[in-house]
S.K.: 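Just passing along the structure, written as structure tokens.
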Amino acid sequence: MEDTLAQHIRAALAQLPDLPAEFDPQAVAVEFQTPNNPEHGDLATNVALQLAKPLRRAPRQIAEAVASALGSVEGVAEVEVAGPGFINVRLAKDYVTAALAELLGQGERYGRVLDGEGKTAIVEYVSANPTGPLTVGHGRNAVLGDTVANLLEWTGYAVTREYYFNDAGRQMRVLGESVRARYEQLLNPEMPQKTLEDGTVVPASFPDDGYRGEYVADVARQLVEAHGEGLHEAKDETPFKQAAEKAVFAEIEATLQRLGVEMDEHFNERTVYDSGAVWNVVEELTKRDLAYEKNGATWFATGKLGKVETRDGAETPKDTVLVKATGEPTYRLPDIAYHLDKLARGFDRIVDVFGADHIATVPDVIRGVRVLAGDEAADRIEVLIYQFVTLVRSGQPVKMSTRKATYVTLDELMDEVGEDVTRFFFLMRSPGTHLEFDLDLAKEASEKNPVFYLQYAHARIASILRKATDAGLSAEGADLALLSHESAVSLIKELLRFPDEIRAAAEAMGPHKLATYLREVASAFSQFYRDCRILGEPEDVASARLALATATRTVLANGLAILGISAPQEM
RNA sequence: GCCCCUGUAGCUCAACAGGACAGAGCGUCGGCCUCCUAAGCCGAAUGUCCAGGUUCGAGUCCUGGCAGGGGUACCA
């Protein structure tokens with residue numbers, strides 16, 4: 001519809017007298033919005049206002065000319081010029097009912113759009129190293145990534161969900177050492193102990209920055225059961241590390257499954273070492289004179305690529321370390337190789353979901369990719385940065401650290417508030433805003449959580465449909481033109497926005513937009529429910545209203561499916 | 001110091017690539033169940049951090065402050 005109107009508008013513009021020579025009506029971008037004030041019609045455009053300056057004439061004058069050309073467009077009931085020059089369009093009733101019939105026909109496919117048809121996308125998310133259970137912070141990442149992946153699927157993309165991890169770094173070594181210390185302690189409870197700065201009492205061989213979570217001792221216990229003292233002679237922490245990795249990954253997997261997150265691929269960072277891709281990056285950069293040795297380390301000449309450091313108002317080029325003097329690469333190097341790998345796999349869109357602490361590192365990776373694979377390739381990478389989650393308990397912020405075990409796990413959160421609430425809580429806010437998670441509120445007030453509002457509306461409709469079926473009513477062949485009540489009409493219009501809302505949420509990578517929209521749908525339904533009874537009405541009216549209820553359930557169910565939240569039949 | 005993100009109702013957050021009187025939830029106050037789920041509906045109150053600027057029009061863009069978070073590492 002919007003495209004049709006846009007074409008008519010361009011045609012009308014072309015008919016205006018005395019157009020400036022450089023003005024091309026076909027090039028005009030015509031934007032429509034759905035006004036928040038119903039008095040302003042169903043669709044509104046501000047083209048006349050936008051064009052006032054280039055056309056050098058009054059906006060209302062342009063608007064009048066355009067408006068008069070839209071009146072005859074099929075499906076348009078009324079066109080008016082309002083305010084400073086807005087063109088407001090009201091849709092014809094039969095256009096609206098025809099669209100509703102179309103919606104009903106599509107059923108569980110309703111809302112799918114074809115923007116990405118035939119294209120592929122990869123979304124990398126979670127990507128927690130196996131050093132401990134997933135925490136609330138990982139939860140935001142997991143749920144955001146998963147939902148963005150869903151949105152891309154609904155917009156036509158074939159999506160791969162990938163979990164990137166590193167089990168070879170320093171963190172893992174410390175974890176292995178932590179397990180070993182606990183293991184030794186189990187074998188010899190009398191062994192010397194020490195007290196860490198936070199008061200924890202640990203075996204003397206426990207690393208000062210070791211992992212203190214209970215799961216570390218659990219792994220140690222399992223090792224004692226399986227091997228007895230057999231590992232006592234191990235020459236390094238390797239067997240302990242491997243046991244820990246296995247146990248932690250199993251737990252992570254279970255947590256994700258519970259959250260409704262299922263990955264397609266797990267990508268081990270080691271892959272880009274084993275294939276030599278990492279050293280290839282260094283070599284290629286060196287060839288281009290963009291990498292060099294200094295003080296025993298290998299540097300990426302990001303300074304030549306525009307990276308600067310500002311101090312006291314003076315800008316100086318800033319290079320970046322790729323390989324430390326110890327021979328150990330920094331994470332940027334494998335990250336570049338990993339992104340080249342994703343590009344080589346041919347994805348049209350490459351989405352990374354990162355916490356705010358990655359903001360500074362992203363540009364380095366992009367620079368590397370740009371140099372080695374070109375602009376087109378680099379532009380295929382999109383990074384969704386989300387701000388941190390602040391946990392609040394008893395009105396106090398909780399400092400979280402996996403090492404110190406002062407974290408709240410995702411499992412604990414789900415135990416307390418449920419999986420649906422957990423997902424919704426992470427999705428209802430824009431990724432760019434800090435998320436304050438008040439545990440007490442989430443626990444105590446979980447019944448008041450907005451997610452129940454959506455689920456309630458769905459359950460209510462399901463109940464009505466059951467009763468209607470029992471009463472022998474059917475929506476089949478309903479005369480939708482009978483839906484004339486104001487509440488019914490605005491509900492229909494709300495439902496018709498669904499595909500656009502999905503597109504908007506996908507483009508912005510902002511699932512919260514969909515969450516907000518679904519609330520509006522539920523609200524519109526509640527009003528319809530209040531004003532228009534179904535059971536007990538004359539059969540033709542009941543049938544039409546039943547069709548509208550069915551359509552509403554479709555939108556709620558499809559929307560909740562995208563958000564990964566259950567749509568209950570009863571509550 | 002410098003860079004990035006954020007600052008909207010008592011609290012937590014929306015506001016669709018600047019658009020027409022800034023919207024929800026929770027909380028507060030007041031109404032509504034002889035009728036399909038009251039986990040609901042209806043009504044009331046409270047407002048864009050501060051100072052400039054651009055624009056027909058600014059919560060949205062620019063400049064300068066102030067506040068919170070994150071970066072600025074041969075940690076991830």
Side-chain angles (χ1 to χ4, degrees), chain A residues 29 31 33-37 39-40 44-46 49-50 52-53 58-59 82-86 88 129 131 166 169-171 294-299 308-315 318 320-332 335 355-363 385-388 390 428-430 432-438 441 445 447-453 455-457 459-468 471 497 500-501 504-505 507-508 510 512-513 515-517 519-520 522-523 526-527 529-537 542 545-546 549 570-571:
Chain A
E31 300 284 341
Q33 60 172 336
T34 51
N36 31 26
N37 182 344
E39 284 174 25
H40 295 146
T45 180
N46 59 356
L49 292 162
Q50 308 258 348
K53 188 159 277 181
F86 290 100
N88 297 333
N129 289 337
T131 55
N166 170 18
R170 206 186 78 88
Q171 289 178 18
K294 193 176 91 181
N295 301 336
T298 306
W299 293 73
V308 294
E309 186 176 34
T310 315
R311 177 155 301 167
D312 300 330
E315 289 191 346
K318 186 177 170 62
T320 311
V321 172
L322 286 179
V323 184
K324 300 184 236 175
T326 60
E328 214 171 355
T330 66
Y331 58 92
R332 286 165 224 254
D335 240 25
D357 53 345
H358 278 72
I359 281 184
T361 89
V362 169
I385 298 277
Y386 61 91
Q387 297 299 312
F388 279 178
T390 308
M428 60 190 291
R429 268 96 160 173
S430 152
T433 179
H434 298 275
L435 191 155
E436 184 166 312
F437 207 122
D438 188 324
L441 195 75
E447 283 199 351
K448 298 170 195 160
N449 193 293
V451 70
F452 290 109
Y453 185 78
Q455 295 183 317
Y456 180 71
R460 205 183 218 178
I461 296 170
S463 169
I464 294 171
L465 296 185
R466 282 193 298 270
K467 287 203 163 71
R497 285 171 46 203
D500 281 339
E501 293 289 338
E507 271 177 18
H512 70 288
K513 290 174 185 292
T516 303
Y517 164 73
R519 171 158 235 299
E520 286 163 8
S523 174
S526 291
Q527 290 165 44
Y529 175 85
R530 177 196 65 208
D531 295 333
C532 301
R533 286 191 55 84
I534 295 173
L535 270 38
E537 295 293 310
R545 289 176 177 174
L546 197 57
E570 55 187 343
M571 287 176 77

S.K.: Contact class for A:Thr34 vs. all strands (heavy atom < 4.0 Å): base, sugar-phosphate, or nothing?
M.R.: base
S.K.: Would you say the base of B:A20 stacks on A:Phe86 (centre-to-centre below 5.5 Å, plane angle below 30°)?
M.R.: yes
S.K.: Kindly indicate whether the side chain of A:Asn46 and the base of B:G19 share any N or O donor-acceptor pair separated by less than 3.5 Å?
M.R.: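 In this structure, the two groups form a donor-acceptor pair.
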S.K.: Contact between A:Cys532 and A:Glu537 at the side-chain level, heavy atoms closer than 4.5 Å - yes or no?
M.R.: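 Not touching, per the 4.5 Å side-chain cut-off.
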S.K.: Which nucleotide sits closest to the side chain of A:Tyr529: B:A38, B:U55, B:A76?
M.R.: B:A38
S.K.: Could you check which of B:C41, B:A20, B:C74 has an atom nearest any side-chain atom of A:Lys324?
M.R.: B:C74
S.K.: Return the nearest nucleotide to the side chain of A:Tyr456; candidates are B:A14, B:A38, B:A20.
M.R.: B:A38
S.K.: Can you check whether A:His434 stacks with the B:G68 base, using ring centres under 5.5 Å and planes within 30°?
M.R.: no
S.K.: Can you check whether A:Val321's main-chain N or O pairs, donor with acceptor, with A:Arg332's side chain at less than 3.5 Å?
M.R.: no
S.K.: Between B:C11 atom P and A:Leu435 atom CG, what is the distance in whole Å?
M.R.: 17 Å
S.K.: Given B:C36, B:C4, B:A76, which nucleotide is nearest the side-chain atoms of A:Ile464?
M.R.: B:C36
S.K.: Got A:Tyr453 and A:Ser526 here, is their nearest side-chain heavy-atom distance under 4.5 Å?
M.R.: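 Counting from C-beta outward, A:Tyr453 and A:Ser526 do come under 4.5 Å.
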S.K.: Can you tell me if A:Ser523 uses its side chain to pair, donor with acceptor, with the backbone of A:Arg519 under 3.5 Å?
M.R.: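 Not confirmed, A:Ser523 side chain does not pair with A:Arg519 backbone.
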S.K.: List the atom of A:Ala325, the atom of A:Ala297, and the distance in Å for their closest heavy-atom pair.
M.R.: N-CB, 3.9 Å
S.K.: Is the shortest side-chain N/O distance from A:Arg460 to OP1 or OP2 of B:G40 below 4.0 Å?
M.R.: no
S.K.: Would you compute the distance between atom CG of A:Asn166 and atom OH of A:Tyr331 and round it to the nearest 0.5 angstrom?
M.R.: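 The distance works out to 13.0 Å.
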S.K.: Could you tell me how far B:C50 sits from B:U8 if I compare only their C1' atoms? Round to whole Å.
M.R.: 15 Å
S.K.: Using the side-chain heavy atoms of A:Ser463, tell me which of these nucleotides is nearest: B:A20, B:U37, B:C42.
M.R.: B:U37
S.K.: I need the OH-P distance between A:Tyr453 and B:C26, as an integer number of Å.
M.R.: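 Roughly 10 Å, once rounded to whole Å.
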S.K.: Determine, step by step, whether A:Thr330 and A:Lys324 satisfy the side chain to side chain contact (heavy atoms under 4.5 Å, CB included) criterion, reporting the C-alpha distance in whole Å, the side-chain angles of both residues, the deciding distance to 0.1 Å, and the verdict.
M.R.: CA-CA 7 Å; A:Thr330 66; A:Lys324 300 184 236 175; 4.0 Å; yes
S.K.: Measure the distance from CG on A:Leu322 to P on B:C74 and round it to the nearest whole Å.
M.R.: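 These atoms are roughly 11 Å apart.
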S.K.: Which nucleotide, B:A38, B:C56, B:C74, lies nearest any side-chain atom of A:Trp299?
M.R.: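 Comparing B:A38, B:C56, B:C74 against the side chain of A:Trp299, the answer is B:C74.
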S.K.: Considering only the C1' atoms, how many Å lie between B:C33 and B:G40, rounded to the nearest integer?
M.R.: 10 Å
S.K.: Considering only NZ, NE, NH1 and NH2 on the basic side and carboxylate oxygens on the acidic side, decide whether A:Glu520 and A:Arg497 come within less than 4.0 Å.
M.R.: yes
S.K.: For RNA chain B, whose closest nucleotide is more 5', that of A:Asn166 or that of A:Leu535?
M.R.: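 Its nearest nucleotide being more 5', the pick is A:Leu535.
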S.K.: Give the rounded distance in Å between these two atoms: CE of A:Met428 and C1' of B:C11.
M.R.: 13 Å
S.K.: Using a heavy-atom cut-off of under 4.0 Å over every strand shown, decide if A:Arg533 touches base, sugar-phosphate, or nothing.
M.R.: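 It contacts base atoms.
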S.K.: Tell me whether the OP1 or OP2 atom of B:U37 has a side-chain N or O from A:Lys467 closer than 4.0 Å.
M.R.: yes
S.K.: Contact class for A:Ala356 vs. all strands (heavy atom < 4.0 Å): base, sugar-phosphate, or nothing?
M.R.: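 Sugar-phosphate, no base atom in range.
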S.K.: Report which part of the nucleic acid A:Ala459 touches: base, sugar-phosphate, or nothing (heavy-atom distance under 4.0 Å, all strands).
M.R.: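 Base, at least one base atom sits under 4.0 Å.
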S.K.: Just checking A:Glu507: base, sugar-phosphate only, or nothing, at a heavy-atom cut-off of under 4.0 Å?
M.R.: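 The residue A:Glu507 makes no contact with any strand.
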S.K.: Please classify the nucleic acid contact of A:Ala468 as base, sugar-phosphate, or nothing, using heavy-atom distances under 4.0 Å.
M.R.: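 Since no nucleic acid heavy atom lies under 4.0 Å of A:Ala468, the category is nothing.
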S.K.: Would you kindly give the CD-to-C1' distance between A:Glu520 and B:C16, to the nearest whole Å?
M.R.: 10 Å
S.K.: I'd like to check A:Phe388 versus A:Asp357 (side-chain heavy atoms, cut-off strictly below 4.5 Å). Are they in contact?
M.R.: yes
S.K.: Between B:A15, B:C13, B:G19, which one does the side chain of A:Gln33 approach most closely?
M.R.: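 The answer is B:G19.
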S.K.: Pull out every stem in RNA chain B, meaning runs of 3 or more consecutive Watson-Crick or G-U wobble pairs with both distances under 3.5 Å.
M.R.: B:1-7 with B:66-72, B:10-13 with B:23-26, B:28-32 with B:40-44, B:49-53 with B:61-65
S.K.: How long is the line joining CD of A:Gln387 and C1' of B:G7, in whole Å?
M.R.: 12 Å
S.K.: Reckon A:Thr330 has a side-chain N or O less than 4.0 Å from the OP1 or OP2 of B:C74?
M.R.: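 False: A:Thr330 side-chain N/O out of range (4.0 Å or more) of B:C74 OP1/OP2.
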S.K.: Where the side chain of A:Glu570 is defined as all heavy atoms beyond and including C-beta, which of B:U37, B:A20, B:A76 is the nearest nucleotide?
M.R.: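 So the side chain of A:Glu570 is nearest to B:U37.
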S.K.: Which of the following nucleotides, B:U37, B:A76, B:U72, is nearest to the side chain of A:Gln171?
M.R.: B:A76
S.K.: Figure out the NE2/P separation between A:His40 and B:C16, and round it to whole Å.
M.R.: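 About 17 Å, once rounded to whole Å.
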S.K.: Both A:Glu328 and A:Lys513 contact RNA chain B. Which one's nearest nucleotide lies toward the 5' end?
M.R.: A:Lys513
S.K.: Within the pair A:Lys318 and B:U72, is there a side-chain N or O less than 4.0 Å away from OP1 or OP2?
M.R.: no
S.K.: Rounded to whole angstroms, how far apart are CD on A:Gln50 and C1' on B:G18?
M.R.: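 So the two atoms are 9 Å apart, to the nearest Å.
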S.K.: Looking at every strand, decide which applies to A:Asn88 at a 4.0 Å heavy-atom threshold: base, sugar-phosphate, or nothing.
M.R.: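 Base contact.
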S.K.: Just to be sure I understand the rule, does A:Ala82 reach a base, reach only the sugar-phosphate, or reach nothing, if contact means heavy atoms closer than 4.0 Å?
M.R.: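 A:Ala82: base contact, heavy atoms under 4.0 Å.
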S.K.: Does the side chain of A:Ser430 get closer than 4.0 angstrom to OP1 or OP2 of B:A14 through an N or O atom?
M.R.: yes
S.K.: If every non-hydrogen atom of A:Ile385 is compared with every non-hydrogen atom of A:Gly355, which pair is closest and at what distance?
M.R.: CD1-O, 4.1 Å
S.K.: Students often get this wrong, so: under 4.0 angstrom with heavy atoms, is A:His358 touching a base, only sugar-phosphate, or nothing?
M.R.: nothing
S.K.: Is the glycosidic torsion of B:C33 within 90° of 0, making it syn, or is it anti?
M.R.: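 Chi for B:C33 falls in the syn range.
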S.K.: What's the closest nucleotide to the A:Thr361 side chain, out of B:A76, B:G40, B:C74?
M.R.: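 Looking only at side-chain atoms, A:Thr361 lies closest to B:A76.
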S.K.: Taking all non-hydrogen atoms of both residues into account, name the closest pair between A:Leu49 and A:Pro84 and its distance.
M.R.: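 What the structure gives for the nearest pair is CD2-O, 3.7 Å.
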